[in-house]
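First the structure, in the form of structure tokens, and then the observations on it.
Every chain is numbered from 1 and lettered A, B, ... according to where its sequence line falls, protein lines coming before strand lines.
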Amino acid sequence: KKDEGTTVSDDETAGKTETIKIGVETALTGPLPDYGYAAQVGCELAVEDFSGFTIGDTTYEIELVVLDDKAEPTEAAIVAQTMVDEGVVGVIGGLTTGATLAAMPIYAENRIPQISGSVTGPKANETDFDTFYRTCWNDGVQGEALSVWAQELGAKKVVLMDDNGAYAVGLADVTENSLKAAGVETLRQNCQSGDKDLSAQVANIKEFGADVVIFTGYHPEAGLLRKQMVEAGMSDVQFMGGDGIKSAEFVAEAGGNANAEGCYATFGGFPEAQQPGYTAFAAKYLEKTGDEVGPYAQNNYDALGALVAAIKKAGSTDTEKIIEALQTLEYEGVTGTFTFASATSGAVTRGDIVVTGLTPANVPRYVVKDGAWIAVE
Amino acid sequence: MSLDHIVTVTIGGLTVGMIYALVALGYTMVYGVLEFINFAHGEVFTVGGYVAAFTLFALGVSDQMSTVAIIGSLLLALVLSMAVPAALGLLVERVAYRPLRGRSRIMPLLSAIGVSIVLQQLIIIVFGPTPITMPTLGISSASVSILGARIRVLALVIITVSVVLMAGLTYLVKATRIGKAMRATSQDMEAAEMMGIETNQTIAFTFVVGSALAGIGGLLVIMYYGSLKFDAGFLYGLKAFTAAVLGGIGNIPGAVVGALVLGLTETYGVSMDLGFLAWFVVAGLLMGLYVQLVLAPKKRLQHISDDRRTPGYERSIANIYRLAPYLAVRTLVVERTDALRSVSARHAVRLMLGNLFLVVTAAVLFANGSSRIDTRWQPVIAFVVLMVILMFRPSGILGKHITEKV
Amino acid sequence: MASEEREPLLEFRNVCTYYGRIEILKSVNYTVYPGEIVCLLGGNASGKSTTMKTILGLVRPAKGEVVWEGEVINGLRTSERIKRGIATVPENRRLFPQMTVLENLEMGAYTRADTAEIAEDLERVYGFFPKLFERRSQRAGTLSGGEQQMVAFGRALMSRPKLVCMDEPSMGLAPALVDQNFDLIKQINEQGVSVFVVEQNATAALSIADRGYVLQSGRVVIEGAAQELLEHKELQRAYLGSSAT
Amino acid sequence: MGNVLELQGMSMSFGGLKAVDNLSFSVRENEILSIIGPNGSGKTTTFNVISGLYEPDSGDILLQGESVAGLRPDQVHERGISRTFQSLRLFGNMTVLDNVLVGMHTRTKAGVVAAMLRLPSVRREEAAAKAKAQEVLAMFPGRFSGPRQSDPAFSLSYANRRRLEIARALASEPALLLLDEPVAGMNPMESREVMEQIKELRSRGYTILMIEHDMKVVEGVSDRVIAMDHGVKIAEGSYQEVATNHLVVEAYLGKRGAGTAS
Amino acid sequence: MGLSRMLQTLRSITERVPRRVWAVAGFSLAAIFPLFNVLGFMPTAWLRVGVVSLVFVMLSLGLNVVMGEAGLLNLGYIAFFAVGAYTTALLSSPKFGLRWPFWALLVLSALLAMVAGLLIGLPTLRLRGDYLAIVTLAFGEIVRLTITNLQPLTNGPNGVTGIYPPRLLSQGAIDSLQASGWSEALLKWLVIDKPIEYYYLVFVFVVITAFLISNLKNSRVGRAWNALREDELAAVSSGITAARAKLLSVVLSAGVAGLAGSVYAYYSNVISPESFLFMQSVIVVCMVVLGGMGSIPGVIIGAIVLQALPQVIRESAGAMRSEFEVYRMLIFGLLIVAMVIFRPEGLLPDKLWRQEVHEVDPRELEKTRQSLFDVEEGHQDLEA
Ligand SMILES: Nc1ncnc2c1ncn2[C@@H]1O[C@H](COP(=O)(O)OP(=O)(O)OP(=O)(O)O)[C@@H](O)[C@H]1O
Ligand SMILES: Nc1ncnc2c1ncn2[C@@H]1O[C@H](COP(=O)(O)OP(=O)(O)OP(=O)(O)O)[C@@H](O)[C@H]1O
Ligand SMILES: [Mg+2]
Ligand SMILES: [Mg+2]
């Protein structure tokens with residue numbers, strides 16, 4: 001293994017070998033270590049597959065610089081500075097919207113392309129940087145989808161609850177706007193990530209007389225909310241959420257199969273079965289870690305793949321050229337074939353993944369059945 | 001607001017309050033004896049919850065088992081979730097606090113913060129960062145209907161347990177020999193030794209009892225909520241400590257009262273219509289006027305000398321609530337009577353500002369008709385309540401103000 | 001009265017005590033026999049209070065032995081020593097300020113379980129200090145200096161000790177009470193309790209004591225029967241102030 | 001000569017207990033007035049009220065004709081009353097010199113900004129204060145000389161701690177000095193020495209109000225004596241008058257006490 | 001016990017060298033520190049660690065005023081830092097499209113933090129010890145949660161991004177200087193945007209702060225604080241107005257924190273509520289205690305050690321980084337406990353606190369032996 005930084009070594013048989021650094025900004029500590037770990041594994045798998053590509057007679061070895069931003073904005077700014085100091089040609093990440101927002105201006109200023117595999121915040125690229133790209137779907141898509149789905153279920157009164165975090169607030173905002181536009185009555189509630197007792201919120205939901213509750217945060221609080229709703233005799237109120245609740249732990253945290261049964265979740269990507277490269281990827285993932293594929297692992301894999309593709313397309317490791325290449329890149333990855341949006345229009349922001357044929361109605365839907373999330377046909 | 005909403009919210013608030021109380025009792029006990037904030041207490045509580053869940057999983061408890069077996073397992077879990085935290089408390093005391101005895105008070109506090117961090121990290125390392133969940137059991141979700149509201153039996157259990165423990169602890173501290181030893185140790189450790197009290201054992205005992213209490217809290221919480229996260233202890237610890245201070249730290253019934261005040265305001269605050277508060281403010285204004293006009297003439301001199309004595313900052317706060325529009329207007333506009341001569345113009349302005357504040361509060365509350373605090377402010381409520389109460393009762397609700405003899 | 005055949009109750013054998021690196025007691029020897037009143041005299045900072053603390057185990061001797069009823073007790077905790085029959089009127093009184101006068105007195109009897117006799121002793125203390133009965137439910141911390149001294153004294157009597165160590169028991173007391181205090185010491189001594197007392201009022205102390213030690217800079221410089229000490233010329237000049245200026 | 005201090009019908013009670021009951025007396029300029037009385041008769045409480053630690057229930061306290069009743073302790077100190085405590089209250093970890101300098105707090109003026117910048121005026125003031133403090137310490141010859149001034153107060157012997165408290169109180173050149181049992185815990189030799197120093201203070205023009213149980217000292221220094229019992233003044237006059245008053249003998253001195261005193 | 005012996009050795013070494021030598025050495029080292037980077041001996045990452053460390057030095061110096069001097073435990077100190085940081089961030093970022101002048105914002109940030117100090121100080125300073133601690137903790141949390149909740153103003157958890165770098169002179173002034181022929185290279189120094197520039201900026205602030213505070217500490221104000229800490233009742237009876245003195249310490253320390261917050265906001269480019277967690281307050285408290293309460297050089301060392309050490313270890317851990325992360329907090333916790341037990345008076349203790357905190361240092365007593373036994377001088381020697 002070569003780990004000599006960007007030094008160039010002569011090799012008689014295969015021309016030059018050069019090591020390039022690619023940053024992985026993830027969050028192994030903080031609220032979502034499982035996501036952070038999956039992202040890292042996704043990138044490592046990609047390195048195994050794509051490292052050692054050649055441009056001309058130069059072989060490029062990829063060295064990953066994995067840094068932990070703890071999902072905190074301030075820490076992310078430091079990580080971004082460090083990435084700049086390390087001289088990476090591109091960054092995969094960050095993991096969470098809040099942290100990424102903080103890091104983006106620094107990457108942009110230093111002209112380092114950044115591809116996130118998991119940042120789904122609708123407003124992630126509000127500032128319109130040409131250095132930011134993502135291989136996962138914008139939550140705007142899920143927000144619209146949740147709204148459409150709730151209306152399909154016949155919702156008249158919907159409670160939207162977030163956990164005061166960037167992801168949840170963003171998703172709830174989009175959903176709420178969409179529902180309001182459709183004339184559905186809504187009530188907004190909040191909790192803090194880490195809260196245990198949601199009895200006040202549950203009482204408010206009950207008093208409001210909601211027929212659908214949409215929790216846009218993550219599974220620990222979602223599970224508690226569902227559990228406390230059932231215990232307050234509200235098992236007949238529909239419970240929905242975004243991909244933040246589509247986790248196996250949700251079922252246990254909601255107090256078991258009975259409580260979780262029939263809870264709905266959308267997802268920010270096509271079901272695995274529809275992802276062309278998924279089976280192969282899952283096998284590799286299993287081999288490497290002994291686990292099933294973690295959240296957004298394949299998107300991160302694709303992010304790194306797309307970056308490498310852009311480098312090849314640019315024919316150079318000059319970051320300015322890579323950025324240029326990304327804008328017109330069409331990439332065939334594990335999750336499907338996609339391009340990146342070149343400008344902001346409506347819910348789509350610059351750098352968003354553009355997947356052909358995607359509408360709010362065919363965003364993947366899941367439901368808990370017998371204690372497991374299964375796709376809704 | 002329907003009745004069942006009020007009942008639901010009230011029971012919810014009481015339950016949260018009582019859970020805070022379970023943790024707060026331990027805080028207060030340790031504080032009562034050692035006069036230091038055992039920051040690690042929250043983590044001990046978490047460990048209790050983890051041990052309970054772990055035990056039940058290990059025993060494979062489920063509703064399929066016989067009632068006897070379930071109750072047996074629960075009892076075992078109870079014993080373990082008291083014993084392990086108790087042992088942990090003992091260990092922590094021995095390693096991190098005992099060597100610091102007799103040193104400046106900030107040292108054990110810092111040590112406790114250190115221990116708290118260590119314990120939290122150990123929980124992460126041992127159990128991982130995702131929340132630990134309870135096996136689902138029928139009894140933990142059983143509920144009864146009270147006045148149209150569904151109330152969980154476990155909530156009632158929690159409330160009962162807290163009250164019983166409070167009574168037991170009060171008895172222990174007030175009336176038993178070891179309780180006396182605890183009190184003596186808290187006031188003067190060396191003098192306690194001179195009376196033949198084994199202070200080390202007394203303190204260890206305090207830690208054992210306090211930690212076991214926290215363990216029970218952990219068990220009940222994980223049964224009630226079904227899951228527990230590694231950092232729950234920090235949040236609960238913070239709330240419980242706030243409650244203990246609110247009630248008057250070192251005071252056992254105070255801890256429960258403080259916890260209830262906290263739990264109820266937190267829940268009421270975000271789920272009750274607060275428009276009615278406006279009436280309290282109006283009532284307050286009227287009462288203040290009454291005091292000033294009818295009762296004050298005799299008391300006024302007292303106030304004035306108070307005024308010379310009390311530093312300005314305390315005065316201005318007190319005056320906001322002392323409600324003396326009459327006095328203020330008289331001083332500024334009408335003639336200056338003898339009694340009022342030493343009231344300064346600044347004082348008068350303060351009084352007017354105070355009343356303005358109240359009038360505005362009332363107006364806002366009225367104008368806002370049906371007003372409810374946004375749930376996102378819920379965590380702030382606890383701290384605001386704490387600050388406001390401590391401003392008026394610097395030693396907490398039930399705490400005694402101790403004057404120093406010179 | 002000191003009879004050499006009897007086994008000493010308390011004995012210091014070449015005891016050296018340090019604060020940090022400073023030697024306070026420099027190889028001192030004391031003996032207290034059962035039933036004796038022994039008086040310890042010395043100027044400020046000569047080590048009198050340190051002696052008391054060493055007996056109680058609040059300070060540990062670096063060298064030498066503290067012997068209690070024939071047994072070396074150097075390593076024993078304070079509370080253990082109390083249980084063996086030592087009681088103290090400590091320097092600075094050391095009351096439990098938040099407890100009432102009554103509770104403070106009861107703490108003195110912490111090591112005892114004989115309820116009836118405790119009540120009796122309580123009556124006895126109230127008999128000595130009627131003021132304390134008046135103030136029995138006042139918090140000790142709010143008492144006047146002299147009243148606190150009375151509580152400290154009374155508390156020591158509550159444990160039915162074999163030996164009471166008193167560190168300036170009459171500090172801050174009104175003259176009438178000072179006299180009463182010496183009577184009291186005599187009285188409890190007559191009930192068989194040994195007394196080891198530190199006093200500034202040397203004349204009065206020696207007049208009730210059997211024997212006395214004079215400490216200077218941590219060394220015992222004079223020892224002997226009380227009467228001898230009272231007549232000791234240099235001692236009088238230096239401590240009793242009778243011939244000064 | 002006028003009265004430095006005048007107490008007019010001052011009362012102070014704790015709950016139901018009347019610790020001081022309608023007490024009136026005055027202290028004349030440049031005299032030493034001693035208060036004696038049984039334990040718990042309200043002597044220290046009187047000091048506490050005068051120095052502003054407690055607020056009297058009723059009555060007035062005039063310092064050179066101006067009321068100081070109800071003022072905060074720091075205000076009282078600034079107006080010219082300083083005191084020592086029955087149970088010593090030094091700033092144990094501060095140096096001897098700093099203890100005295102704290103006593104001069106109200107007699108120095110440097111503001112925060114000036115002090116931060118250490119302006120020349122601040123430096124001058126600081127130097128003057130140090131000189132003054134040394135002068136005060138020099139009143140106890142040989143006790144606080146040279147390097148000892150930078151020793152922490154806790155390391156002092158008992159008698160020296162009492163002396164330091166007196167020095168701290170003197171540093172502000174008070175119009176009235178309150179001494180609460182200045183010789184408690186001292187042997188006859190040491191008491192005598194402190195007694196001489198108190199007399200010395202009078203000759204320098206200080207006015208002193210003193211509580212003391214040591215009759216030799218009371219006799220030796222007092223111009224006048226007041227006896228209290230149960231918060232009430234029971235006798236006032238010269239030492240001889242008070243010490244032979246039958247109420248005082250009964251309540252306070254006891255038979256033998258009276259005997260040794262006279 | 002190896003650790004304690006090590007600390008013992010450390011102590012004897014540190015104490016043998018005179019304070020002044022340490023101060024000069026430390027100052028020079030800090031002054032030339034960035035040059036190692038310029039000369040290429042040291043990665044820029046370390047320089048960044050240096051900048052943040054200096055910011056924390058300022059914070060600790062501020063906290064030391066209230067904690068080390070006045071003896072008031074403040075567990076919500078980071079809130080003042082937050083006030084300063086947000087003041088700057090909001091008034092010099094794209095958020096509201098404002099770019100107030102650097103110097104004005106520095107002053108304003110400090111002032112607003114001081115107002116916050118006044119607000120919390122006024123009602124709470126009559127509380128004793130632990131009550132004050134918990135109220136300040138509550139205040140810290142209130143500030144953080146308010147920042148999180150006031151999303152239209154603060155962007156909530158997303159924080160304020162893209163804070164403009166400070167300009168030492170206004171753009172107009174820079175332009176006119178350029179017009180009058182000043183070289184581009186020189187003028188570039190007027191816009192602080194490189195780590196080395198930040199380093200020296202903060203360094204200057206630290207030096208000034210340390211200078212002012214150490215003057216204050218040795219003045220009547222500092223003595224009043226110490227006296228209050230030692231015995232409030234005696235202090236008040238010696239003419240010190242407790243409320244005013246305490247309030248002053250709280251307000252001053254808040255001002256320093258506000259200043260630090262402003263600089264930090266500029267430097268880090270982004271600020272968000274996560275930087276102002278309770279744990280941060282604890283860390284600053286630990287810096288002060290580790291360094292030595294009341295001792296200015298000590299506090300500086302404490303801040304540098306606690307801030308820089310974990311970063312440096314993280315940097316040098318290389319491939320082990322993520323494993324290290326898991327144990328980072330664990331080690332931090334253990335460190336606190338060990339430090340409190342083995343060296344409670346701090347690395348470079350202040351004289352006063354060493355006595356209060358530890359059993360008395362024997363050497364200290366040796367020095368005072370004279371005065372301990374002076375009473376005997378008055379007596380004749382009895383050993384005739
Ligand atoms: N905790 C301590 N730390 C350091 N030195 C101490 C300590 N306690 C006492 N000393 C010193 O030990 C010496 C003896 O003190 P001790 O209290 O025994 O004197 P004493 O004879 O009781 O005097 P006094 O008449 O003042 O009560 C003194 O010099 C004193 O300063
Ligand atoms: N804070 C308080 N609360 C209740 N009672 C108090 C308080 N302070 C003093 N007392 C009572 O008031 C009475 C007077 O106390 P004070 O301290 O003035 O006595 P004193 O004359 O100084 O006695 P001594 O000579 O013993 O010092 C005492 O009986 C005491 O118990
Ligand atoms: Mg002594
Ligand atoms: Mg008194």
Practice item. Starting at CZ of B:Arg376, measure out to CG of E:Leu150 and round the result to the nearest 0.5 Å. Key: 9.5 Å

Revision key, fill the gap. Honestly, the part of E:Gln151 sitting under 4.5 Å from a heavy atom of chain B is side chain

Practice item. Apply the side chain to side chain contact (heavy atoms under 4.5 Å, CB included) test between E:Leu330 and each candidate in B:Leu122, B:Ile124, B:Ile117; give the one that qualifies. Key: B:Leu122

**Study point:** Closest contact, heavy atoms only, E:Val340 versus B:Met107
**Key:** CG1-O, 3.4 Å

Check your understanding: Relative to chain E, which segment of B:Pro379 carries a heavy atom at a distance below 4.5 Å: side chain, backbone, both, or neither?
Key -> both

Revision key, fill the gap. Closest non-hydrogen atoms of B:Thr242 and E:Ile134, given as atom of the first, atom of the second and distance, are OG1-CD1, 4.3 Å

Check your understanding: Relative to chain B, which segment of E:Leu335 carries a heavy atom at a distance below 4.5 Å: side chain, backbone, both, or neither?
Key -> neither

Check your understanding: Nearest 0.5 Å, what's the CG-CD1 distance between B:Leu386 and E:Ile142?
Key -> 8.0 Å

Study note, to complete from the structure: The interface call for B:Tyr97 against chain E, heavy-atom contacts under 4.5 Å, is neither

Exercise for review: Using non-hydrogen atoms and a 4.5 Å limit, figure out which bit of B:Leu119 sits close to chain E: side chain, backbone, both or neither.
Suggested key: neither

Review point. Between atom CG of E:Leu145 and atom CD of B:Gln378, what is the distance when rounded to the nearest 0.5 Å?
Key: 11.0 Å

Point to revise | Close contacts, residues 272-280 of chain E versus chain B, judged by heavy atoms under 4.5 Å | key: E:Phe278, E:Met279

Study note, to complete from the structure: Of all heavy-atom pairs linking B:Ala96 and E:Val337, the shortest is CB-CG1, 4.0 Å

Check your understanding: Can you tell me how far the CD1 atom of E:Ile341 sits from the OG atom of B:Ser111, to the nearest 0.5 Å?
Key -> 5.0 Å

Practice item. Identify which part of B:Val95 has an atom lying under 4.5 Å from any heavy atom of chain E, answering side chain, backbone, both or neither. Key: backbone

Check your understanding: Side chain, backbone, both or neither: which part of B:Leu100 has an atom under 4.5 Å from a heavy atom of chain E?
Key -> side chain

Check your understanding: Measuring from E:Leu73:CG to B:Leu110:CG, what's the distance to the nearest 0.5 Å?
Key -> 7.5 Å

Review point. Heavy-atom distance under 4.5 Å to chain B: side chain of E:Ser237, backbone, both or neither?
Key: neither

**Study point:** E:Leu137 side, atom CG; B:Phe383 side, atom CZ - distance, nearest 0.5 Å
**Key:** 6.5 Å

